[in-house]
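Some notes on the structure that comes next.
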Amino acid sequence: MHELRRIVGFLGPYRRDAILGMLLVVIESAFEMVIPILMADIIDVGVATRDLDFIFRQGVLMLACAALSLITGQLYARHAARATYGLGARLRAAEYEHVQEMSFANLDHFETSSLITRMTTDVTVIQNALNAGFRPMVRGPVMLVIGFGLAFYLNMQLALVFVGVSPFMIVALALIVRHVGPLYGVLQTTVDKLNDVVQEMLTAVRAVKAYVREDYECAQFRAVNEGLARTSEQTFKFAVLNMPVLYVSLYTATTLIMWFGGQMILGGELQVGELTGFLSYVMQILNSFIMISNVFLLLTRSLASIHRICEVLDESVDLVSPEAPITEVADGSVEFRDVSFKYRADAAENVLEHVNLSIPAGSTVGVLGGTGSGKTTLVQLIPRLYDASEGSVLVGGRDVRSYDLEALRNAVSIVLQKNVLFSGTVRENLCWGNPKATTEDLLESCRRARVDEFLDRLPGGLEYDLGQGGVNVSGGQKQRLCIARALLKRPRVLIFDDSTSAVDTATDADIRASLAALTGVTKIIIAQRVSSVADADQIVVLDDGRVHAVGTHAELLASDSIYQEIYASQTHGPKGDGGPKGDGVKRGHQAAPDNVEWVKTTPSQKGQAAPDNVEWVKTNPSHNGSEGGER
């Protein structure tokens with residue numbers, strides 16, 4: 001009930017419409033409940049005495065009550081619609097705004113498809129419950145109370161007959177609601193699964209077609225869809241039992257009342273008009289029970305959706321600005337002081353372990369390491385997308401937790417590993433970096449990111465519509481657009497998370513040369529290619545979440561084994577082979593064909609990876625020393 005009261009609190013300015021709607025339903029019900037009394041008087045007085053004037057007057061009163069009931073009903077519908085859809089709009093807005101405030105850690109608690117369902121289907125369930133249940137929710141209890149009162153007023157003995165049937169209905173409905181309630185939660189979870197499959201297929205539709213997996217995807221969807229159908233069938237086959245129970249009670253009560261009422265008429269204890277009026281109230285009371293039962297079923301389903309929505313709203317945002325935040329980042333210096341990090345508090349191991357780094361303002365730093373070494377995690381701590389589990393991260397000489405989040409993230413621009421563009425034009429996407437940017441600013445950032453190389457070929461240039469997710473441009477063009485967008489922020493710290501992996505080597509070199517001309521900006525570059533960071537002021541080599549080595553290209557090439565392996569795998573290979581591809585992170589010896597061993601000609605350095613211009617020779621029993629070349 002606490003969650004229900006909380007959701008009702010989102011009515012806000014529509015609370016007045018809800019209250020007026022309830023009052024109008026009460027007035028409408030009162031007018032309707034007067035009609036059976038007028039009808040009974042027409043039969044017992046007007047028809048019995050053949051008083052046409054009385055019949056006419058009572059008829060006019062009945063028409064007046066019906067007309068007033070209709071008018072109040074129409075007014076109710078207007079106010080109820082405003083309250084219902086206003087509540088839905090405010091709920092969706094509250095969820096969406098709260099999701100925007102969440103950190104990456106908060107978002108990790110929810111599947112994307114589940115968040116979509118909670119903002120759409122679950123809110124719609126609540127809207128439908130309120131829209132369909134608002135009137136009977138008020139009208140049912142009102143008619144029940146007034147109906148019982150007037151029924152006892154007309155004939156207490158017959159009223160007791162009806163009272164005897166009521167407990168059976170109440171117990172049966174309680175059992176149905178109790179059984180169906182948990183099933184609605186299962187039903188909404190199944191809808192999550194269906195949305196998950198649809199979202200995944202639509203996102204990866206090109207891969208599905210490239211691998212000719214349409215049949216597999218259809219089978220996956222069919223399985224989830226049939227599961228939803230089975231869950232719905234199981235849920236609603238119990239939910240619809242309320243109508244048979246109520247109608248059995250209705251006809252049983254009506255039959256008993258007519259039997260006893262007929263006996264009373266024959267005995268002169270009851271008039272025909274009274275019995276007719278009483279039966280009208282019995283129908284009203286039973287209809288009110290039907291309305292109340294439907295409201296309970298709607299409420300039971302909506303409670304499952306309310307709980308799911310409240311889970312989102314109750315998610316405690318773990319990254320917030322302090323009470324007296326710093327609103328200005330002094331410079332682009334970055335420091336990691338004994339930083340350890342894990343994504344979940346109950347995780348067995350840290351992703352980063354005791355990281356200590358100092359990056360001077362305005363310098364360029366490269367970050368290399370194998371897959372899973374913690375490169376992306378490291379840079380995500382700088383704009384405080386996550387908070388360090390242990391230790392502290394400093395930007396501009398101050399702990400990132402002391403900054404206003406907006407100020408910090410405006411000063412730290414990050415091009416994420418997964419490039420994201422939004423529906424809209426090139427201009428609209430670039431302006432995410434700076435909404436006030438002029439056309440000259442946009443073109444300048446495009447030039448630095450080498451977007452100008454293809455911008456003129458796009459119909460409309462800056463006004464070209466990129467489509468949903470930037471589907472109208474290639475992967476390399478996406479990366480360059482994202483870089484241009486980041487440059488528009490004019491940040492103090494600029495982070496590239498493998499952001500040029502989809503561009504060719506020449507374009508990568510051009511972009512690096514352009515970025516090198518930026519002054520006063522600290523540049524942190526995560527890359528897979530050594531060539532992308534070879535000119536950096538310092539290079540950080542990560543291994544299993546720890547800083548393995550820090551130094552310049554020449555220093556690491558001379559002293560660090562992991563860096564040597566990465567460099568050797570990317571720049572040299574057995575003659576005619578071209579060397580291994582990929583991220584270049586290999587451990588131990590490189591694979592050699594036909595068990596051929598490659599060794600250096602320099603005895604003192606045998607077994608180490610070779611720097612440039614060092615000759616390696618191939619040896620085997622039959623061709624020892626017969627073939628040489630660069631590794």
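Keep in mind that what you see is a predicted model, and the values were worked out from it rather than measured.
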>> The criterion is salt bridge (charged side-chain N to carboxylate O under 4.0 Å, His left out); which residues satisfy it with Asp399, sequence neighbours excluded?
In response: Arg401

> Which pairs, with at least one residue in residues 489-513 and sequence neighbours excluded, count as a ring pair (Phe, Tyr, Trp, His ring centres under 6.0 Å)?
Replying inline: none

> Is the OH atom of Tyr96 crowded by more than 12 outside heavy atoms at less than 6.0 Å?
Replying inline: no

>> Given Val426, which partner from the list Leu462, Val451, Asn472 fulfils the side-chain contact (heavy atoms from CB on, under 4.5 Å) test?
In response: Leu462

>> Suppose we screen for side-chain contact (heavy atoms from CB on, under 4.5 Å). Which residues come up paired with Asp318, at least two apart in sequence or across chains?
In response: Ser103, Ala105, Asn106

>> Would Ile526 and Val379 count as a side chain to side chain contact (heavy atoms under 4.5 Å, CB included) here? Give the steps.
In response: CA-CA 9 Å; Ile526 294 177; Val379 296; 3.7 Å; yes

> Is Arg427 paired with Glu463 through a side-chain N to carboxylate O contact shorter than 4.0 Å?
Replying inline: yes

> About how many Å separate CZ of Arg213 and CD of Gln220, when rounded to the nearest 0.5 Å?
Replying inline: 8.5 Å

>> Looking at Asp544 and Arg546, is any side-chain nitrogen of the basic one under 4.0 Å from a carboxylate oxygen of the acidic one?
In response: no

>> Tyr563: which residues meet the ring-ring contact (aromatic ring centres under 6.0 Å, His included) condition with it, sequence neighbours left out?
In response: His553

> Atom CZ of Phe10 and atom CG of Leu87: how far apart are they, to the nearest 0.5 Å?
Replying inline: 9.0 Å

Using residues 428-437 as the side-chain source, report each donor-acceptor pair under 3.5 Å to any protein atom, sequence neighbours left out, with the distance given to one decimal.
| residue | atom | partner | partner atom | Å |
| --- | --- | --- | --- | --- |
| Glu428 | OE1 | Thr425 | N | 2.9 |
| Asn429 | OD1 | Phe422 | N | 2.7 |
| Asn429 | ND2 | Phe422 | O | 2.9 |
| Asn429 | ND2 | Thr425 | O | 3.0 |
| Asn434 | OD1 | Lys436 | N | 3.1 |

>> Any carboxylate oxygen within less than 4.0 angstrom of a Lys/Arg side-chain nitrogen, looking at Arg529 and Asp508?
In response: yes

> Of all residues at least two apart in sequence or in a different chain, which pass the side-chain contact (heavy atoms from CB on, under 4.5 Å) check with Val312?
Replying inline: Glu95, Val99, Met102, Phe110, Leu115, Arg118

>> Assess whether a salt bridge exists between Asp510 and Arg480, defined as any Lys/Arg side-chain N lying under 4.0 Å from an Asp/Glu carboxylate O.
In response: no

> Do Tyr343 and Thr377 get their side chains close enough for a donor-acceptor pair, meaning under 3.5 Å?
Replying inline: yes

>> When you measure from the side chain of Gln477 to the backbone of Ser474, do you find a donor-acceptor pair of N or O atoms at a distance under 3.5 Å?
In response: yes

> Distance from Arg447 atom CZ to Leu455 atom CG, nearest 0.5 Å?
Replying inline: 13.5 Å

